[in-house]
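For reference, the structure is listed below as structure tokens.
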Amino acid sequence: MKKILLLLLTAIALTASGQEVICHRGYWDTEGSAQNSIRSLVKADSINAWGSEFDVWMTADGVLVVNHDETFNGVTIETAKWKQLKNMRLANGEPLPTLDQMLECGKKLQTRLILEMKPHTSREQEKEAAKKIVKMVKKKGLQDRIEYITFSYQGMKNLKEMAPESTPIYYLNGELSPSQLAELDVAGIDYSIKVMREHPQWIDEAHSLGMKVNVWTVNSDRDMDWCINYGVDFITTNAPELLQLKLAQ
Ligand code: MG
């Protein structure tokens, strides 16, 4: 009973703060998990993280693959065929996931899906990737649970054009002020802690423009406290349970 009450109070405190936790590459720094694995998405959901982030590439033959680096086991994803990758395994033993598998799993969970589309070398291929991503998300009925983030300026514009009006899209690259981004009508900025410490005024600037602020990758006590005190809306971290505890205090 005591435990239930504590959980309830934690949930209320988390909601009241208005600041949300996003697991960076899923909740991977925990037993049985791995970065960008299906398990990391399930783990993020199991701790009631607001969102779980993962990275997406497209192979040369059009398969959307979840992985952070441009290569996996020495194979460059964007120039490879899926058959070169499909038998490969992550550090936790599960197969290298496709976006299809990731979204299929996401359908059964509550956590929001923060999909990072990686900048591809070929503009055409990246545009095709954006098109396929948006189409797949629609087919899975996940349009209300997805948010897009990307370092690619062109990719952001493509996603903005293709996704439903209500889909939040954030820019990662860090060189544009919120005012400079405002004309693109995106949801906000999703910048590194380093960039944000250099431009703390961008937080109020974004808010005054009706935009939100996400900061990554916030792992230390010091950086977490900074984000909480400055009113950052979404904090992307490798240590989600520590951040949840801080937000509940
Ligand atoms: Mg990412």
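In each ligand, atom 1 is the first atom listed, and ligand 1 is the first ligand listed. Side chains included, hydrogens not; waters and symmetry mates left out as well; all remaining heavy atoms used.
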Worksheet item: Which protein atoms of type N, O or S are found under 2.8 Å from the Mg ion (ligand 1)?
Response: Glu53 OE2, Asp55 OD1, Glu116 OE1

Worksheet entry | Tyr148 side chain to Glu116 side chain, donor-acceptor N/O pair below 3.5 angstrom | no

Item to complete: Indicate whether the side chain of Asp55 and that of Asn36 have a donor and an acceptor atom separated by less than 3.5 Å.
Response: yes

Fill in: Gap separating the CG atom of Leu85 from the CG atom of Leu96, nearest 0.5 angstrom
6.0 Å

Item to complete: Measure the CD-OG1 distance between Glu78 and Thr71 for me, rounded to the nearest 0.5 Å.
Response: 10.5 Å

Worksheet item: Judged by atom type as modelled, is there a donor-acceptor pair below 3.5 Å linking the side chain of Arg39 to the main-chain atoms of Asn92?
Response: no

Worksheet item: Quick one: which of Trp202, Phe151, Phe234 gives a ring pair (Phe, Tyr, Trp, His ring centres under 6.0 Å) with Tyr191?
Response: Trp202

